[in-house]
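What's counted below: heavy atoms across the whole structure, side chains too, no hydrogens, waters or symmetry copies.
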Amino acid sequence: MEINIGKLIEEEMKRQGVKAPKLANPIFTTRTNVYNIIKRDSIDTKLLMLISRALKTNFFALYAKEMEKEGCHEPAEPTTDMLAFTLQDDEKEFFVDEDIKDGYQEIDVLDVTLIINGVKYDVTLDMLPQELFPLLVYVYSNAIEEGPLSDMNYEALDENFFPWLAKNHPRLAGAIWYATEDALTELIADDKDGKYRNHINYEEPSDDDDWYCLGDNDIKFHIGNLTERIHKTKRPLLWLLPTLDY
């Protein structure tokens, strides 16, 4: 019997009424990657363990039953070395050494203040490309030290930096906008108290395969004190590399 694990996960999600955004958080990935997972017929064992725990369903039992039918026995008790988390030498250079043993990597995130339809929201953008940060800091530093924003006070800079960025460096501004849109749609999807839904215009998904999208909103970005808004945090490696499938 061939096991289509993606289909089985999808069926269990429907049975429990669990949508992609709700499953994405406990398995440290994005809702888009959840849709990719349920389209697969195979899956990484560590990812399957996270999904099994999130859905409280032992998907490994399905494979165990098939193995028993074929006369396969349980392996010997694993040793500590067999269970240790390891990376190949050519992979270690991409990660901070002290984070490898914990399965985490340190990343930069950006705190953004948004004025949406007159209401203030503070949002942390943790899906921005890491290569964006040095470029953003460089552009910001030049603009306030010797550029057109140099004579602005704090409040004026806070309001005018992003419009200036959008006009002069649209690709950098676009990356911030897209990350903001993703963050807001996920917040709306998980919003039980109406904090976001009551003030932000959005469109409901038409079916399970669709996703929330923002409607017509007046959104202003306040990120004038940019360097103070960038800080580091840790994220699981699985969360950072959601699209790798090999």
Side-chain angles (χ1 to χ4, degrees), residues 19-37 94-95 104-117 119-141 143 149 157-191 195-197 199-205 210-244:
K19 300 294 182 65
K22 186 176 180 180
L23 180 61
N25 289 334
I27 68 172
F28 310 114
T29 190
T30 63
R31 51 95 186 171
T32 301
N33 198 44
V34 171
Y35 293 131
N36 292 333
I37 289 169
F94 293 102
F95 304 101
Y104 287 81
Q105 186 187 26
E106 197 171 56
I107 63 169
D108 287 316
V109 296
L110 176 65
D111 292 332
V112 178
T113 297
L114 303 172
I115 311 298
I116 307 177
N117 303 324
V119 180
K120 179 181 176 181
Y121 299 90
D122 291 313
V123 177
T124 297
L125 305 181
D126 49 17
M127 290 296 286
L128 284 167
Q130 293 298 286
E131 61 270 19
L132 174 140
F133 287 94
L135 293 171
L136 194 58
V137 171
Y138 175 77
V139 167
Y140 174 78
S141 299
L149 308 181
L157 182 62
D158 212 29
E159 294 181 8
N160 288 283
F161 174 65
F162 189 81
W164 175 87
L165 186 71
K167 180 179 179 181
N168 295 276
H169 301 279
R171 294 184 67 181
L172 293 179
I176 294 174
W177 170 255
Y178 291 131
T180 300
E181 189 173 46
D182 283 344
L184 288 177
T185 52
E186 291 198 12
L187 288 170
I188 289 168
D190 296 332
D191 187 14
K195 176 181 178 181
Y196 302 97
R197 291 173 183 247
H199 301 99
I200 302 175
N201 300 317
Y202 65 96
E203 297 177 14
E204 294 268 6
D210 203 351
W211 184 242
Y212 292 86
C213 61
L214 295 183
D216 184 19
N217 294 279
D218 177 24
I219 301 179
K220 296 181 176 65
F221 290 78
H222 284 202
I223 50 176
N225 52 338
L226 180 73
T227 52
E228 296 179 16
R229 290 176 176 269
I230 296 174
H231 60 93
K232 292 188 179 294
T233 189
K234 288 185 177 182
R235 288 292 184 265
L237 300 184
L238 277 175
W239 186 91
L240 284 170
L241 306 172
T243 57
L244 291 183

Go through the steps to decide whether Ile176 and Leu125 satisfy the test side chain to side chain contact (heavy atoms under 4.5 Å, CB included), and finish with yes or no.
CA-CA 8 Å; Ile176 294 174; Leu125 305 181; 4.0 Å; yes
State, to 0.1 Å, how close [X] and [Y] come at their nearest heavy-atom pair, and which atoms those are.
X      : Y      : value
Cys213 : Thr185 : CA-CG2, 4.0 Å
Val123 : Ala183 : CG1-CB, 3.9 Å
Ala166 : Ala173 : CA-CB, 3.5 Å

Separation between [atom1] of [X] and [atom2] of [Y], rounded to the nearest 0.5 Å:
X      : Y      : atom1 : atom2 : value
Leu136 : Leu226 : CG    : CG    : 4.5 Å
Thr180 : Ile219 : OG1   : CD1   : 8.0 Å
Ile223 : Asp158 : CD1   : CG    : 8.5 Å
Phe221 : Leu165 : CZ    : CG    : 10.0 Å
Ile188 : Glu204 : CD1   : CD    : 9.5 Å

Do [X] and [Y] come within less than 4.5 Å of each other through their side chains, counting heavy atoms only?
X      : Y      : result
Val137 : Leu135 : no
Val109 : Leu128 : no
Phe133 : Ile230 : yes
Asn201 : Leu214 : no
Met127 : Asp182 : no
Leu114 : Leu184 : yes
Phe162 : Val112 : no
Leu172 : Trp177 : no

Check the pair Glu159 / His222 against side chain to side chain contact (heavy atoms under 4.5 Å, CB included), numbers first and verdict last.
CA-CA 5 Å; Glu159 294 181 8; His222 284 202; 3.6 Å; yes
If we ignore angles and hydrogens, is there a donor and acceptor under 3.5 Å between the side chains of Asn117 and Asn217?
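Judged by distance alone, the side chains do pair up.
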Return yes if a side-chain donor-acceptor contact under 3.5 Å exists between His231 and Asp111, otherwise no.
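Looking only at side-chain atoms, Asp111 and His231 do form a donor-acceptor pair, the distance falling under 3.5 Å.
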Go through it in stages, so that I can follow the logic: the residues are Arg229 and Thr113, the test is side chain to side chain contact (heavy atoms under 4.5 Å, CB included), and I'd like the CA-CA distance, side-chain angles, deciding distance and then a yes or no.
CA-CA 10 Å; Arg229 290 176 176 269; Thr113 297; 3.1 Å; yes
Apply ring-ring contact (aromatic ring centres under 6.0 Å, His included) to Tyr196 and Tyr121, showing your working.
CA-CA 9 Å; Tyr196 302 97; Tyr121 299 90; 5.4 Å; yes
Could you check whether any side-chain N or O of Asp191 sits under 3.5 Å from a backbone N or O of Leu187, counting only pairs where one atom can act as donor and the other as acceptor?
no
Tell me whether Gln130 contacts the main-chain N or O of Asp108 through its side chain, where contact means a donor paired with an acceptor under 3.5 Å.
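Between the backbone of Asp108 and the side chain of Gln130 there is a qualifying donor-acceptor contact (under 3.5 Å).
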Lys120 atom NZ, neighbour heavy-atom count above 12 within 6.0 Å
no
Is the CG atom of Asp216 crowded by more than 12 outside heavy atoms at less than 6.0 Å?
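At most 12 heavy atoms, drawn from other residues, nucleotides or ligands, come within 6.0 Å of this atom.
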Mutual orientation of the aromatic rings belonging to Tyr140 and Phe161 [parallel < 30°, tilted 30-60°, perpendicular > 60°]:
perpendicular
Show your working on side chain to side chain contact (heavy atoms under 4.5 Å, CB included) between Tyr212 and Glu203 and close with a plain yes or no.
CA-CA 6 Å; Tyr212 292 86; Glu203 297 177 14; over 6 Å; no
